[in-house]
Student: 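The structure's right below; bear with me while I get my questions together.
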Amino acid sequence: QVQLVQSGGGLVQPGGSLTLSCAASGFRLDYYAIGWFRQAPGKEREGISCISRVDGATYYADSVKGRFTISRDNAKNTGYLQMNSLKPEDTAVYYCAAGEAVYCDGEYYPSTTDFGTWGQGTQVTNSS
């Protein structure tokens, strides 16, 4: 069964850190770019980061640049999103996704239509 299984969300105080994981099963994640998206209540799903499959090129939205780090461990078939200096406005459901024909660099904005396999989503709440 082809799927992405997410873990690592939760409640954290402002300024805290969390790491989200995205484990692939049923397919090789190293054949795909990995994207991270989030959706806050009442808002559209937005692409916040992605990492290419070939050379590890990355994209970050301005809202998370310098605070979040995307990475991948192809040996573990897993992607990660390290989130530091969390703010209340980071509160959202976070989704990982795999995209086959995606190259992530500063010129690319992750679009949901470019990613065909999605994780189940995980809640991140930043509140004191």
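Side chains included, hydrogens not; waters and symmetry mates left out as well; all remaining heavy atoms used. If you're wondering where the values come from, they're calculated on a predicted model, not measured in any experiment.
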Student: Is F37 linked to V124 within one hydrophobic cluster, defined over Ile, Leu, Val, Met, Phe, Trp and Tyr using a side-chain heavy-atom separation of less than 4.5 Å?
Tutor: no

Student: Answer yes or no: is there a side-chain heavy-atom contact under 4.5 Å between D73 and Y80?
Tutor: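 D73 vs Y80: side chains touch.
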
Student: Which heavy atom of C50 sits nearest a heavy atom of F115, and at what distance?
Tutor: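 That closest heavy-atom pairing would be CB-CZ, 4.4 Å.
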
Student: Using side-chain contact (heavy atoms from CB on, under 4.5 Å), reason through L29 and N74 one step at a time and then give a plain yes or no.
Tutor: CA-CA 7 Å; L29 191 56; N74 291 333; 5.5 Å; no

Student: Can R45 be said to sit on top of Y95's aromatic six-ring, NZ or CZ under 6.0 Å from centre and within 45° of the ring axis?
Tutor: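 Yes; both conditions hold, so R45 lies above the ring face of Y95.
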
Student: Applying the 4.5 Å side-chain criterion to the ILVMFWY set and letting contacts propagate, would Y103 and V54 be lumped into a single cluster?
Tutor: no

Student: May I have the step-by-step check of side chain to side chain donor-acceptor pair (under 3.5 Å) for T91 and N126, ending in yes or no?
Tutor: CA-CA 5 Å; T91 295; N126 185 250; 5.5 Å; no

Student: Rounded to the nearest 0.5 Å, how far apart are OG of S52 and OH of Y59?
Tutor: 13.0 Å

Student: Can you get from I51 to Y60 by hopping between Ile, Leu, Val, Met, Phe, Trp and Tyr side chains that sit under 4.5 Å apart?
Tutor: yes

Student: Do Y32 and F27 have ring centroids that are under 6.0 Å from one another?
Tutor: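 Ring-ring flag for F27/Y32: true, centres closer than 6.0 Å.
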
Student: Could you state the interatomic distance from OG1 (T125) to CD (Q13), rounded to the nearest 0.5 Å?
Tutor: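 Going from the OG1 atom of T125 to the CD atom of Q13 covers 13.0 Å.
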
Student: Answer yes or no: are there more than 12 heavy-atom neighbours, outside E89 itself, under 6.0 Å from its atom CD?
Tutor: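 Yes, the 6.0 Å shell around CD holds more than 12 heavy atoms from other groups.
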
Student: Going by heavy atoms in the side chains, are F68 and W36 under 4.5 Å from each other?
Tutor: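 A side-chain contact under 4.5 Å is absent here.
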
Student: Determine whether Y31 and L4 fall in the same hydrophobic cluster, where Ile, Leu, Val, Met, Phe, Trp and Tyr are linked whenever their side-chain heavy atoms lie under 4.5 Å apart.
Tutor: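 Hydrophobic grouping puts Y31 with L4.
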
Student: Tell me the closest heavy-atom pair linking A61 and G47, and the distance in Å.
Tutor: CB-O, 4.0 Å

Student: Can I get a per-line list of side-chain donor-acceptor pairs under 3.5 Å for residues 18-25, giving both atom names and the distance, sequence neighbours left out?
Tutor:
residue, atom, partner, partner atom, Å
T19, OG1, Q82, OE1, 2.3

Student: Any chance you could lay out the side-chain contact (heavy atoms from CB on, under 4.5 Å) test for S17 and N84, step after step, and finish with the verdict?
Tutor: CA-CA 4 Å; S17 299; N84 297 326; 2.9 Å; yes

Student: Of the non-hydrogen atoms in R67 and L86, which two are nearest, and what is the gap between them?
Tutor: NH1-CA, 3.9 Å

Student: Is the count of non-hydrogen atoms from other residues, nucleotides or ligands lying under 6.0 Å from E100 atom CD greater than 12?
Tutor: no

Student: Does any part of the side chain of R38, heavy atoms only, come nearer than 4.5 Å to the side chain of S63, both counted from C-beta?
Tutor: yes

Student: Kindly determine whether M83 and Y94 satisfy side-chain contact (heavy atoms from CB on, under 4.5 Å), including the steps that lead there.
Tutor: CA-CA 11 Å; M83 305 184 295; Y94 284 70; 3.8 Å; yes

Student: Between D90 and K87, is there a side-chain N and carboxylate O pair less than 4.0 Å apart?
Tutor: no

Student: side-chain contact (heavy atoms from CB on, under 4.5 Å) for R53 and R72? Distances and angles first, verdict last.
Tutor: CA-CA 9 Å; R53 68 175 184 90; R72 62 192 306 156; 4.0 Å; yes

Student: Rounded to the nearest 0.5 Å, what separation is found between the CD atom of E46 and the OG1 atom of T112?
Tutor: 12.0 Å

Student: So, do V102 and Y108 sit near enough that their side-chain heavy atoms are less than 4.5 Å apart?
Tutor: yes

Student: Please check if the side chain of Q6 supplies one atom and the backbone of G121 the other of a donor-acceptor pair under 3.5 Å.
Tutor: yes

Student: Between atom CD1 of I34 and atom SG of C96, what is the distance when rounded to the nearest 0.5 Å?
Tutor: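 Atom-to-atom, I34:CD1 and C96:SG are 8.0 Å apart.
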
Student: Indicate if L81 and V12 have the same hydrophobic cluster label, given that clusters are the connected sets of ILVMFWY residues with side-chain heavy-atom separations under 4.5 angstrom.
Tutor: yes

